[in-house]
Every structure is written in structure tokens, then in C-alpha cells.
Amino acid sequence: MNKTRVAVVGAGVSGCSCALALIEQYPNVDVTVFADRPFTDTTSFGPPGIFALDYQQYNVGASSGVQLISGYILSDNEQLLKEEEENMSDIVFNFQWLKPKDFQLFANPPKYGIFFTTFTTEGRTYVPWLTSRLKERKVKFEQRTIAKLNELGNTFDFVINCAGVDAGKIAGDDDTVVPARGVLLEVAAPGQKHFISLDIGTALIPTTKSFFIGTLKQMGRSDRVVTQQDRDEIWERNLKIMPTLKNAKVMSEWAGLRPVRKEGIRLEMKDNIAANGKRYYIVHNYGHGSNGFTLSWGCAKEVVELIGGQLHHPNSKI
Ligand SMILES: Cc1cc2nc3c(=O)[nH]c(=O)nc-3n(C[C@H](O)[C@H](O)[C@H](O)COP(=O)(O)OP(=O)(O)OC[C@H]3O[C@@H](n4cnc5c(N)ncnc54)[C@H](O)[C@@H]3O)c2cc1C
């Protein structure tokens, strides 16, 4: 019997997570991952992605870049923090509101603060770690630009769209993804172990070897060169909460594009007929905006469920 063939378009955190979740569930499926550019040019390369893991088996420390950290979100806007509490207090660990004494820890403390423990990783370590797991399982990688997903329909039974900011363009049904430009500076700050965020947008996040400070959120901008204006704005905001970083050495800087979709994440399956008359399915998985790392594994498991639903369907033609 012929093997089920799956194409994943995108080798960022979304595409690699889908490929791994799929091959773990269905080891006999034949998977090819397509990417049109080197990994260093994708959004998933840069972030020190703060996220929660569903599976303890992936909490493997330095080799995946994943680590458990604690930290603070500070704000004068109590409502903003109440929303954070509603969004994630039952997902993260040790969630608590700061007590008056805790504010002594900060220069220029705002009025309100929350503390919690979560996972973080570096995209540049975590995604290559996923890629290694995929190569061990004989998943193929191909550098190729896919103009429209339907060009893969003649050959593949399932085509998973994880193309980040370009996913709407290649979907072929006029969907739109808007880039939201962000910038991060990687600095050496030994001894700094907690993340600190001010009003969400200003953040200091430790990773296994260094510390990232950011960021910006510029909707509709897709240039990726870091400017002096970017640097000045990021330093000004971060030094307010952590003046001791003043002389910290900058090790690298990076601009990336969050894939934002007005309607939120697109996670759905569509039935299609290819040019050669073959039936195939497109599974869209994109539009994760600022939370692509957080959501990557959960979305990948949903993609596998959608595909599994077709594979096990009594009338399946696959
Ligand atoms: C400054 C910043 C900070 C962030 N911080 C966090 C954080 O702390 N936590 C968190 O969860 N998220 C964070 N994010 C968001 C996260 O980085 C993104 O949501 C995530 O990386 C998107 O991953 P992706 O795999 O969907 O897309 P990408 O990483 O953009 O990958 C897209 C892939 O599609 C391929 N592709 C595109 N078009 C084509 C085509 N036509 N043909 C073939 N291949 C194609 C590309 O080559 C690439 O491999 C941050 C983002 C930024 C910019």
C-alpha cells in the first residue's frame, strides 16, 4: 500500500512542530518540509520565546534551549494585568500578585505587578533541535518557494500551511496576514535570572546563555534592518526598569515579523481536488502573531487530529 504523503510548507516553529507531532503519531507517514529561505531569515529564529510546554518529555534543558524561569509583569494599568491573570493564571505556575514589599526590587516601580513561572526557549536553539528530531525520523527538507499550495496537490495527500507572514498569500483564497515588526537586542547580563516585562511591550528575557531586551510592535512594517531609532527606544524603556543594564554589552540584534491575522489563528482543514484530479487536503496553521512559540505544540496536535480524522474516516480516499 502507498504511504500517505504530507507536505509541510514552512520550517519555522509551527511547521517543525507539526511535522514532529505528525511523525510521532503516524511513524509511517512520508513527510517533506518546504522552506523558501534559510532558517536564520525566519521569524522563528529570533525570539526568546516564552511559552508553556504540554509534555514533560520536551523539557530537556540546554539541548533544546528550553528552561523554566520566573519573572514579573509590571504596569500602572491594573486592568491589563487582570487580563493577563484571566488569560494564563491556570496555565503558568506560581501565579501571584505582587505585595507592597516586592516593589522594592525595582527602580521606578509601577503601581501593580504579577509574578509567575513558565518556560522559555531560544528559537535559534529550539527549532534546530526540532529539526534534528525530524531528520532522525527521516523527514525530508527541501528549499523551494511554493507560489500556491495547490501546486503540491498532485503529489501530496495533505499540505500543511505554516508559512508565517506569507501563509495568506500562498493559501490561494485571498486571506491576509499582516507583519508586525519587532526588534530584540541580545545582551550579556550574567546573574540576571528573571524575566521582567513592563506593560507587555517592554521586556527583558533571560535565555540559557544571554539576555534579550525588547521590543517594538510596528504593524504593517516589514523591513528587517535594525535602526538607531529602534535601539534608542528599546534602551530608553528598558533602562527605566533595569538601570543596571546600562553598560551591558550588546552581543547581537535582530528584527523579525510577527504573523498577525485580524481574525486570529487560522487552524482548519479544506478538501481540494488537484489539477490531476486527485483528492487532497490543505490544513492551515498560521497567524499566531506574538505567541507562535507558546501555541506551537498545541496547534501541531490539533493539526494531527484533523489529519487523523481523515485517515481514519470510513470513506477516506487517502
Ligand atoms: C520580536 C518578537 C518577539 C517574539 N516573542 C515571542 C515570545 O516570547 N513567545 C512566543 O510564543 N512568540 C513570540 N514571538 C512570535 C513568534 O516568533 C512567531 O509567532 C513564530 O515564530 C511564527 O512561527 P511560524 O513557524 O508560524 O512562522 P516563521 O517562523 O515565519 O516560518 C515561516 C516558514 O515558512 C516558509 N515560507 C514562507 N513562505 C514560503 C513559500 N512561499 N514557500 C516555501 N516556504 C515558505 C519560511 O521559509 C519559513 O520556514 C515573537 C516574535 C517577534 C518578532
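Counting starts at 1 for both ligands and their atoms, following the listed order. In this text, all values refer to a predicted model and were calculated from it rather than measured experimentally.
Taking only nitrogen or oxygen atoms, main chain and side chain alike, Val165 does not reach within less than 3.5 Å of ligand 1. At least one N or O atom of Ser14 sits closer than 3.5 Å to an N or O atom of ligand 1. Geometrically, ligand 1 and Ala11 share a nitrogen or oxygen pair separated by less than 3.5 Å. Inclusion of Ile146 in the set of residues having an N or O under 3.5 Å from an N or O of ligand 1 is warranted. The shortest N or O to N or O distance between Pro259 and ligand 1 is not below 3.5 Å. Residue Gly182 has no N or O atom closer than 3.5 Å to an N or O atom of ligand 1. Residue-to-ligand polar distances place Ser44 within reach of ligand 1: an N/O pair is separated by less than 3.5 Å.
Contacts of Trp254 with ligand 1, taken as heavy-atom pairs under 4.0 Å, involve the side chain alone. At a heavy-atom cutoff of 4.0 Å, ligand 1 is contacted by the backbone of Ser290 but not by its side chain. In Asp36, the parts holding a heavy atom less than 4.0 Å from any atom of ligand 1 are both the side chain and the backbone. Residue contacts with ligand 1, taken as heavy atom pairs separated by less than 4.0 Å, involve Ile170 solely via side-chain atoms from C-beta onward. The side chain of Leu184, and not its backbone, has at least one atom closer than 4.0 Å to an atom of ligand 1 (non-hydrogen atoms only; side chain from C-beta on). Neither the backbone nor the side chain of Ile205 comes within contact range of ligand 1; no heavy atom lies under 4.0 Å.
Within the 4.0 Å heavy-atom shell around ligand 1 one does not find Phe39. Arg144 counts as a contact of ligand 1, since one of its heavy atoms falls under 4.0 Å from the ligand.
Thr117 has its side chain out of reach of Val92: every pair of non-hydrogen atoms, C-beta onward, lies at least 4.5 Å apart.
If you check the side chains of Thr121 and Gln67, you find no donor sitting under 3.5 Å from an acceptor. Counted by atom type alone, Asn150 and Tyr280 present zero donor-acceptor pairs between their side chains at under 3.5 Å.
Residues passing the ring-ring contact (aromatic ring centres under 6.0 Å, His included) test with Tyr112, sequence neighbours excluded: none. For Lys193, the salt bridge (charged side-chain N to carboxylate O under 4.0 Å, His left out) criterion is met by no residue, not counting sequence neighbours.
Between Arg266 and Glu268 a salt bridge is recorded (basic side-chain N to carboxylate O distance below 4.0 Å). Salt bridge status for Arg181 with Asp230: present, with a side-chain N to carboxylate O gap under 4.0 Å. Checked for salt-bridge contact, Glu233 and Arg237 meet the test: a charged N lies under 4.0 Å from a carboxylate O.
Proximity to Gly256 (heavy-atom distance under 4.0 Å) selects the following atoms of ligand 1: 53 (C).
Exactly one of Ser17, Cys18, Cys162, Ser44 qualifies for a side chain to side chain contact (heavy atoms under 4.5 Å, CB included) with Ser296. That residue is Ser17.
The main-chain N or O of Asp30 is never found under 3.5 Å from a side-chain atom of Arg5 such that the two would form a donor-acceptor pair.
Residue Arg258 holds the heavy atom nearest to atom 2 (C) of ligand 1 of all those in Arg258, Arg37, His288, Glu142.
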